[in-house]
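Treat the numbers as computed from the prediction; the structure is a model and nothing was measured.
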Amino acid sequence: MTASPRRLTVLGSTGSVGISTLDVVARHPERYRITALTGNGQIDRLVEQCQRFLPAYAVLADPERLPLLRDRLASAGLERIKALAGPEALEMVASLPEVDAVMASIVGAAGMRPTLAAARAGKQVLLANKETLVMAGQLFMDAAREGGATLLPIDSEHNAIYQCLPQPFTGEARRGVRRILLTASGGPFRTWETAQLHSVTPEQAVRHPNWSMGRKISVDSATLMNKGLEVIEARWLFDLERERISVVVHPQSVIHSMVEYVDGSVLAQLGNPDMRTPIAYGLAWPERIDAGVAPLDLFAVARLDFEAPDLVRFPCLGLAFAALERGGVAPAVLNAANEVAVEAFLTGRLGFTAIAELNEAVLARDWSGYDALQLDGLAAADAEARRLARARLD
C-alpha cells in the first residue's frame with residue numbers, strides 16, 4: 001500500500017531556499033503535496049509557483065499587496081487558491097491541521113512568529129530560518145517540546161552536524177561528544193587586507209564564492225555574521241555550551257561541518273555546496289531521496305584547506321559569541337541591529353566595515369530590562385534595537 005503524500009507549507013517559497021525546496025518536491029510528485037506557499041515582494045514568482053503546484057493557499061507578508069495578488073491569481077485562472085496576507089495568515093498556514101511539515105525559510109525576524117506557530121502545532125519543522133533560534137532560542141525550544149514538534153535543521157552546517165551526531169543525542173551519547181565544528185567558507189573577502197575592506201561594495205559582497213544565496217544572507221556571509229548567528233542557533237539546536245562550539249574556515253565548502261568525539265574521532269559530512277542536499281534530507285527524513293545534486297568528485301576537489309577565523313578583520317563573529325555569552329535578549333538585539341545595518345549597506349548608506357561598528361554600538365547598551373522568555377519582551381527589544389540602529393545611521 002502506497003503511503004499518502006506528505007502535505008507541506010513552504011514559508012518563504014520565493015526565496016532561494018524556498019525555490020530549492022520546490023525543485024526537490026517537483027522531483028518526487030508522488031511523495032509531496034503543497035498546501036500553502038508564502039512570499040513577500042516577488043508576486044509574479046509566487047503566482048508562477050501557484051500555477052505549477054496548485055496550493056490551497058497563497059500568502060503574502062504585506063497586506064497592502066493582497067489585492068494585487070488576487071488580481072494576478074485571477075488572471076492566471078487560479079481563483080480557487082485562497083489568497084491571504086499578514087502575520088496572522090502566515091501563522092495560520094504554518095499550523096493548519098492538514099499540514100504535515102513546514103519549511104521555515106522566511107529570512108530574518110519576520111519568520112519567527114510563523115515558525116513558532118508551526119512548533120506549537122506539533123509540526124515537523126524544517127528549520128531554515130536561523131533568526132527564530134537566535135531571537136527566541138529558549139522560547140522556541142520549549143514550544144517545540146511542549147507541542148511535540150520534530151525539528152530538522154536545514155542550514156547546511158547544522159544539517160551536517162545533525163547527520164554526524166548519534167541519535168538520540170542524549171545521555172551517554174551526549175557525553176561522548178567533545179565539540180562541534182561549524183565550517184565557514186570565509187566569504188568573498190577571506191584573503192583581503194583590513195584596509196581593502198573599507199571599500200567593499202554591495203555588488204562585491206553579494207557574490208559568494210561557493211553558494212547561491214539571497215542578498216542579505218550573502219552580506220552576512222561576507223562579514224561572518226552568518227556564522228555567528230549559526231553559532232547561536234547551534235547552541236539551542238544541540239543544547240551545547242558555548243565552549244563546545246567552534247568555527248573553522250574551510251574555503252572549499254565541501255565539508256559542511258564536523259563533530260569531534262572524546263575518543264579522538266572526527267565525523268564530517270561532505271557534499272557539493274548545494275542547498276538541495278540538506279533540504280532533501282529534511283523532507284525525506286529518516287529516508288534518503290534524490291535531490292538533483294551532482295555526486296561529489298573528490299578528485300576534482302583535490303584538496304581541503306582549513307584556517308582559524310580572523311576576528312580582527314571580521315569582528316561580527318566575535319560579537320555573536322559575546323551576545324551568546326551575555327544571554328537574555330542580547331542575541332535578538334544583535335540580530336535586529338544587523339538587519340538594519342545590512343539593509344543600510346545594501347542601499348549605500350553604510351560602509352562594509354561600519355556594519356560591525358553599528359552592531360557593536362547597539363549591543364553595548366544595557367538590555368537587562370527585557371524578558372527573553374516572552375514574545376512581547378523579545379519584540380520590544382527587537383524594536384528598540386532597530387530604533388537605536390536607525391538613529392545612529394541618521
query = Any chance CD of E64 has more than 12 other-residue heavy atoms, nucleotides or ligands included, within less than 6.0 Å?
reply = no
Check your understanding: Should the pair E260-R178 be classified as a salt bridge under the 4.0 Å nitrogen-to-oxygen rule?
Key -> yes
Here the gap from F140 atom CZ to L237 atom CG, rounded to the nearest 0.5 Å, amounts to 8.0 Å
Q.
I'd like to know if the side chain of R174 and the backbone of D239 have a donor-acceptor N/O pair within less than 3.5 Å.
A. yes
If we only count heavy atoms from C-beta on, is the I161 to P153 side-chain gap below 4.5 Å? no
> Can you check side-chain contact (heavy atoms from CB on, under 4.5 Å) on I19 and Q49, steps first, answer last?
Replying inline: CA-CA 9 Å; I19 291 170; Q49 292 175 342; 4.0 Å; yes
(message) Quick one: does any side-chain atom of Q204 pair with a main-chain N or O of T201 as donor and acceptor, under 3.5 Å?
(response) yes
Notebook entry, point to check: Charged N to carboxylate O below 4.0 Å: is that the case for R387 and E384?
Noted result: yes
| query | Hey, does the side chain of H158 reach the backbone of S257 with a donor-acceptor pair shorter than 3.5 angstrom? | reply | no
Hey, quick one: are V93 and L8 part of the same hydrophobic cluster, counting side-chain heavy atoms closer than 4.5 Å, chains of contacts allowed? no
Nearest heavy-atom approach of R80 to P55 is NH1-O, 4.3 Å
Check whether N359 reaches the backbone of N338 with its side chain - one donor and one acceptor, N or O, closer than 3.5 Å. yes
Quiz item: If you count the non-hydrogen atoms of other residues, nucleotides and ligands that lie under 6.0 Å from CD in E193, is the total more than 12?
Solution: no
(request) Would you tell me whether H198 and T353 have side-chain atoms, one donor and one acceptor, within less than 3.5 Å of each other? (result) yes
So CG of L319 and CG of L229: to nearest 0.5 Å the spacing works out to 11.0 Å
hydrophobic_cluster_shared for L133 and I106, side chain cutoff 4.5 Å: no
Task: R244, CZ: over 12 other non-hydrogen atoms inside 6.0 angstrom - done: yes
- Check: V206 and L346 side chains under 4.5 Å, non-hydrogen atoms: yes
Taking every heavy atom of V247 against every heavy atom of A184, the minimum-distance pair comes out as CG1-CB, 4.3 Å
Q) Would R349 and D394 pass as an ion pair if we require N to O under 4.0 Å? A) yes
Heavy-atom nearest pair, A332 first then L378, reads CB-CD2, 4.2 Å
Output for pair (T9 OG1, L126 CG), nearest 0.5 Å, gives 11.0 Å
ask   = So W367 and Y370, would you call those rings parallel, tilted or perpendicular, with 30° and 60° as cut-offs?
value = tilted
ask   = Between the side chains of S246 and R179, is a donor N or O closer than 3.5 angstrom to an acceptor N or O?
value = yes
Output for pair (T38 OG1, L60 CG), nearest 0.5 Å, gives 8.5 Å
*Mind checking whether Q124 and D100 have side chains closer than 4.5 Å, heavy atoms only?*
no
With sequence neighbours left out, the residues meeting salt bridge (Lys or Arg N to Asp or Glu O under 4.0 Å) with R175 are E172
OG1 (T183) and NZ (K227) are apart, to the nearest 0.5 Å, by 5.5 Å
Problem - Donor + acceptor pair across side chains of N335, K130 (<3.5 Å) - result: no
Do the side-chain N and O atoms of Q252 and D305 include a donor-acceptor pair separated by under 3.5 angstrom? yes
- Tell me, do E157 and E233 make a side-chain contact under 4.5 Å, heavy atoms counted? no
ask   = Is there side-chain contact between H208 and S185, with heavy atoms separated by less than 4.5 Å?
value = yes
All heavy atoms of A128 vs all of D155, minimum pair found to be O-OD1, 4.1 Å
Item to complete: Verify, without hydrogens or angle tests, whether R7 (side chain) and E98 (backbone) share a donor-acceptor contact under 3.5 angstrom.
Response: yes
I232 and A320 have their tightest heavy-atom pair at CD1-O, 3.9 Å
Sidechain-backbone polar pair: S221 side chain, I217 backbone, donor-acceptor under 3.5 Å:
no
Does NZ or CZ of R313 come closer than 6.0 Å to the centre of the six-membered ring of F189, within 45° of the ring's axis? no
Note: A110 and P114 closest approach over all heavy atoms is O-CD, 3.6 Å
Exercise. Without swapping roles, check the side chain of N272 against the backbone of A294 for a donor-acceptor pair under 3.5 Å.
Key: yes
Next on the checklist: Any non-hydrogen side-chain atom of P188 less than 4.5 Å from a side-chain atom of R207?
Outcome noted: no
- On the 0 to 90° scale, with breaks at 30° and 60°, tag the Y162-W285 ring pair as parallel, tilted or perpendicular. perpendicular
- Task: May I ask whether L373 and L375 are part of the same hydrophobic cluster, defined by side-chain heavy atoms of I, L, V, M, F, W, Y residues being less than 4.5 angstrom apart, directly or through others?
- Result: no
query = When the ring planes of F306 and H250 are compared, do they come out parallel, tilted or perpendicular, using 30° and 60° as the limits?
reply = parallel
| task | State plainly whether the residues R65 and D62 are in salt-bridge range, i.e. N to O under 4.0 Å. | result | no
* Asked: Do L270 and Y281 share a hydrophobic cluster (ILVMFWY, side-chain heavy atoms under 4.5 Å, transitive)?
  -> no
Is the shortest heavy-atom distance from the side chain of T14 to the side chain of N40 under 4.5 Å? no
Tell me whether L54 shares a hydrophobic cluster with Y32, the cluster being built from Ile, Leu, Val, Met, Phe, Trp, Tyr side chains joined at under 4.5 Å. yes
d(D274 CG, I279 CD1) to nearest 0.5 Å is 8.0 Å
- Query: Do the side chains of R27 and I289 get nearer than 4.5 Å, heavy atoms only?
  - Reply: no
Judged by atom type as modelled, is there a donor-acceptor pair below 3.5 Å linking the side chain of R70 to the main-chain atoms of A83?
yes
Does the D297 side chain pair with the main chain of A300, one donor and one acceptor, at a distance under 3.5 Å? yes
For N159, does its backbone N or O pair with a side-chain atom of H256 as donor and acceptor, under 3.5 Å? no
